[in-house]
Amino acid sequence: MAQTNIGSKTMDGMGPKGTKVGLLRVLGPAHVWALGVGIVLVGEYMGWNFAVGKGGAYAALIACWFAGILYTCVAMIDSEVTSTVAAAGGQYTQAKHIVGPLMAFNVGLYLVFAYTMLEAGNAITAGYLVSVVAGMSGHEGALDQRPFIILVIMSLAWLNYRGVLATLTFNLIITAIAFVAILVLFVATTGIVGASIMQHGALMEGAAALPYGWIGILAAMHFGLWFYLGIEGTTQAAEEVRSPARALPFGTLAGIMTLLIAATLTWYVCVGVLPWEFLGDGVNGSVAPLFDTARLSGSTGLVWLLGIGTLFATLASANGCINDASRAWFSMGRDKYLPGWFGAVHPTYRTPYRAIIFLVPIALIFALGAPLDQVITFSILSGLLGYTFMPLNIIMFRRKWPLNSIKRGYEHPFHPVPAIVLLSLCAITFFAVFLGYGTQLVAMIGFYIVVSLWFHFWRYRFVSRGAQFTMPWPKPKGY
Amino acid sequence: MQTWNYLEYAAWGLSALFGLAMLVDWFRTDTTYSEDVLTSSREGELEAMTEEHKV
Amino acid sequence: MAHYTPPVQGKMGQLIDVIVLVVLTVGALFVPLWMGLAGSSKTVATPVENPTWETLGQNPVQAAQYEALGYDPAGAHDLILARFDYSFSVSAVLIMVVVIVVYYALMLKFSESEYRDVIAEKFDSK
């Protein structure tokens with residue numbers, strides 16, 4: 001075994017357990033950053049403003065920071081576990097090794113759902129953006145958005161199909177452009193360069209400060225998650241990163257810092273220009289708040305820059321979502337949690353091609369058939385269920401394999417404080433979702449209960465027992 | 001304006017093209033290689049080769 | 001523990017399993033939509049006749065921003081006045097808490113029993 005060089009061309013992705021065609025190990029930390037931030041940055045361009053609608057501008061900022069704490073905990077916990085359990089499937093594989101098969105099945109579905117819904121939301125936004133551009137360029141009558149929505153999903157699926165390096169290099173470039181666009185907007189509108197157009201005082205005075213009172217702050221947590229949702233997807237790249245134990249924690253933590261900056265700047269710029277009622281209604285009012293802010297700046301250059309930024313952010317996000325959802329689906333197929341047919345890797349492109357193809361029509365159904373806030377809520381709910389799993393996961397991880405029993409690539413500090421904070425914030429967010437979207441919450445959990453029963457009593461018979469535990473760890477404590 | 005109508009058709013056409021490209025390649029791959037090779041990927045190969053997890 | 005050899009699933013069985021999953025998934029999303037339960041739509045509690053920016057409660061700066069965005073008072077009426085209804089009953093909260101806690105408890109319980117099998121086969125049968 002010692003002579004096997006996994007970096008070599010011939011052995012790359014193949015190994016002693018019989019893998020003839022495996023995923024390609026080509027990514028570096030920058031790609032991990034691009035995957036994490038790329039998925040999430042669209043949250044700054046659209047969607048977060050529903051939080052303003054649920055509680056007003058100040059509530060959205062408080063929610064933004066509390067959600068930031070939540071995600072910092074997520075990133076820390078995730079970095080530790082995933083730097084140790086480095087396999088495609090991310091949290092799914094973690095759950096399988098640490099909590100148990102049924103939990104793993106549920107976590108895998110959370111991932112696929114959260115990402116596929118987010119992908120659908122991105123495609124909807126991209127379609128809307130194209131129609132706005134058409135309107136601005138003098139097109140009369142309503143533009144049919146469907147072909148553009150389908151084109152986004154199809155072309156990105158194709159890119160993913162053709163190989164991970166090109167996919168994430170593309171993501172790196174467009175994510176960087178979208179991030180720079182936010183910085184430029186901030187610099188150009190707040191008086192750092194040129195005149196300031198910020199009017200925070202007048203726009204947030206009186207009843208506009210906290211229109212729903214304190215409960216609005218709670219309620220805003222629901223969409224506060226949207227500032228960061230998806231950063232945990234970095235772990236899906238584990239099997240394709242050259243050195244997971246180093247690149248994953250680095251890329252993830254750099255990603256969360258980028259997002260904290262971007263989220264705060266976005267909030268500051270948008271609420272300083274747009275009245276909260278308009279900003280907070282992401283369906284009839286401001287679908288793309290940064291773009292609307294640029295429109296009010298009176299600068300054609302900014303309008304173009306933020307228009308392109310919005311488009312790139314949606315593309316980067318949809319792209320990353322296809323990548324992550326297919327990795328999760330693929331790993332579940334590989335373990336026979338789902339039909340084994342999905343566990344196939346393309347011999348030339350080295351991608352989980354069947355999972356990628358299968359998820360295309362699913363994304364299309366959601367993108368063409370459901371309204372945006374519904375899709376976003378389902379994505380957030382699946383994400384939230386996943387975040388609630390993480391503190392349970394890390395507590396069991398540290399208990400079953402204490403710090404000195406196995407080698408960890410990264411150890412997060414202050415355990416168990418992050419786990420407890422994360423669990424409390426999740427509880428608050430469940431309540432926030434309940435305020436206004438209680439039906440979906442119950443429908444969603446009902447769905448997971450039904451599929452859990454289906455898995456436990458039917459599907460699990462096709463899974464081999466001991467062989468699914470693939471990490472070379474000692475026996476867990478207490479078993 | 002006519003341009004946008006053409007763009008709509010172009011989008012439909014391109015979507016179909018991407019879809020077709022994937023379908024054709026999928027079919028070719030599945031008929032060229034055996035299922036054994038395609039689904040041979042196993043989890044945890046990297047750990048098996050590089051990590052002993054002993055401190 | 002005895003080594004467990006899972007049965008090999010045929011093509012048909014795989015297909016059926018996929019269909020079941022897709023139906024459940026699509027159902028979870030669309031059933032609430034069809035039943036009209038989805039989303040708490042915001043409602044306008046007290047409409048204003050012949051609205052002006054003042055009667056809509058907008059100060060001059062806010063009104064100017066709305067005009068820059070292309071709204072007049074009548075057009076912005078619904079947008080400005082619509083509000084969520086956050087009143088809720090304690091029993092509904094309790095139901096939600098129970099549903100979530102039961103869900104996680106069930107899952108941890110089932111997972112634990114399955115996990116013991118996995119560990120037993122992995123580490124004891126050698």
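This is a predicted model, so every value here is computed, not measured. Reminder, nothing fancy here: chain letters follow the sequence lines and each chain counts from 1.
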>> Looking at every non-hydrogen atom in both residues, tell me the closest pair between Leu296(A) and Ala68(C) and how far apart they are.
In response: CD2-CB, 3.5 Å
> So which part of Ala202(A) gets closer than 4.5 Å to some heavy atom of chain C, the side chain, the backbone, both or neither?
Replying inline: both
> Does any heavy atom of chain C fall under 4.5 Å from the side chain of Lys96(A), the backbone, both, or neither of them?
Replying inline: backbone
>> Counting only non-hydrogen atoms closer than 4.5 Å, does Met107(C) touch chain A with its backbone (N, CA, C, O), its side chain (CB onward), both, or neither?
In response: both
> At a heavy-atom separation under 4.5 Å, does Arg295(A) approach chain C through its side chain, its backbone, both, or neither?
Replying inline: side chain
> Picking from Trp341(A), Phe105(A), Phe389(A), which has the most non-hydrogen pairs under 4.5 angstrom with chain C?
Replying inline: Trp341(A)
>> Which one wins on heavy-atom pair count under 4.5 Å against chain C: Met117(A), Met444(A), Glu205(A)?
In response: Glu205(A)
>> Please classify the contact between Ile449(A) and chain C as side chain, backbone, both or neither, with a heavy-atom cut-off of under 4.5 Å.
In response: both
>> Looking at every non-hydrogen atom in both residues, tell me the closest pair between Ala120(A) and Val375(A) and how far apart they are.
In response: CB-CG1, 4.2 Å
> Which atoms of Ile362(A) come close to chain C, meaning under 4.5 Å heavy atom to heavy atom: side chain ones, backbone ones, both, or neither?
Replying inline: side chain
> Considering only heavy atoms, which portion of Tyr86(C) lies under 4.5 Å from any heavy atom of chain A: side chain, backbone, both, or neither?
Replying inline: both
>> Less than 6.0 angstrom separating the ring centers of Phe123(C) and Tyr479(A), yes or no?
In response: no
> If we ignore angles and hydrogens, is there a donor and acceptor under 3.5 Å between the side chains of Arg459(A) and Gln9(C)?
Replying inline: yes
>> So which residue, Asn59(C), Val97(C), Val22(C), ends up with the most heavy-atom pairs under 4.5 Å with chain A?
In response: Asn59(C)
> Of the listed residues (Thr388(A), Thr377(A), Val283(A)), which shares the most heavy-atom pairs with chain C below a 4.5 Å separation?
Replying inline: Thr388(A)
> For Ala208(A), is it the side chain, the backbone, both or neither that has a heavy atom under 4.5 Å from a heavy atom of chain C?
Replying inline: side chain
> Just checking, any donor-acceptor pair under 3.5 angstrom between side chains of Asp85(C) and Thr43(C)?
Replying inline: no
> Is there a donor-acceptor contact under 3.5 Å from the side chain of Ser382(A) to the main chain of Ser379(A)?
Replying inline: no
> Given a strict heavy-atom distance threshold of 4.5 Å, which part of Leu338(A) is in contact with chain C: side chain, backbone, both, or neither?
Replying inline: side chain
> When rounded to the nearest 0.5 angstrom, what distance separates CG in Leu79(C) from CG in Asp281(A)?
Replying inline: 5.5 Å
> Considering residues at least two apart in sequence or located in another chain, which fulfil the side-chain contact (heavy atoms from CB on, under 4.5 Å) criterion with Ile16(C)?
Replying inline: Val20(C)
> With only heavy atoms counted, which part of Tyr448(A) is less than 4.5 Å from chain C, the side chain, the backbone, both or neither?
Replying inline: both
> Who wins among Val450(A), Val442(A), Val463(A), Leu392(A) for the most heavy-atom pairs under 4.5 Å with chain C?
Replying inline: Val463(A)
> When rounded to the nearest 0.5 angstrom, what is the spacing between CG in Asp335(A) and OH in Tyr92(A)?
Replying inline: 3.5 Å
> About how many Å separate SG of Cys270(A) and CZ of Phe278(A), when rounded to the nearest 0.5 Å?
Replying inline: 10.5 Å
> Is it the side chain or the backbone of Tyr212(A) that comes within 4.5 Å of chain C heavy atoms, both, or neither?
Replying inline: side chain
>> Does the structure place the NZ or CZ of Arg354(A) under 6.0 Å from the centre of the six-membered ring of Phe342(A), at an angle of no more than 45° from the ring's axis?
In response: no
> At a heavy-atom separation under 4.5 Å, does Thr25(C) approach chain A through its side chain, its backbone, both, or neither?
Replying inline: both
>> Is Phe430(A) close to chain C through its backbone or its side chain, or both, or neither, when contacts mean heavy atoms under 4.5 Å?
In response: both
> Which bit of Ala76(C) comes within less than 4.5 Å of chain A, counting heavy atoms only: side chain, backbone, both or neither?
Replying inline: neither
> Rounded to the nearest 0.5 Å, how far does NE2 of His97(A) lie from NZ of Lys122(C)?
Replying inline: 7.0 Å
> Can you list the steps and then say if Phe366(A) with Phe378(A) is a ring pair (Phe, Tyr, Trp, His ring centres under 6.0 Å)?
Replying inline: CA-CA 11 Å; Phe366(A) 297 137; Phe378(A) 267 74; 8.0 Å; no
>> I need the residue from Ala95(A), Ala467(A), Gly369(A) with the largest number of non-hydrogen atom pairs under 4.5 Å to chain C.
In response: Gly369(A)
> Given the options Val93(C), Val26(C), Asp78(C), which has more heavy-atom pairs under 4.5 Å with chain A than any of the others?
Replying inline: Val93(C)
> For chain A, which of Leu21(C), Leu81(C), Leu108(C) has the most heavy-atom pairs under 4.5 Å?
Replying inline: Leu21(C)
>> As an exercise: rank Asp17(C), Val61(C), Ile119(C) by heavy-atom pairs under 4.5 Å with chain A and give me the winner.
In response: Asp17(C)
> With respect to Trp458(A), which candidate in Phe462(A), Tyr460(A), Phe455(A) satisfies the ring-ring contact (aromatic ring centres under 6.0 Å, His included) definition?
Replying inline: Phe462(A)
>> Quick check for you: among Val99(C), Val18(C), Val102(C), which has the greatest number of heavy-atom pairs under 4.5 Å with chain A?
In response: Val18(C)
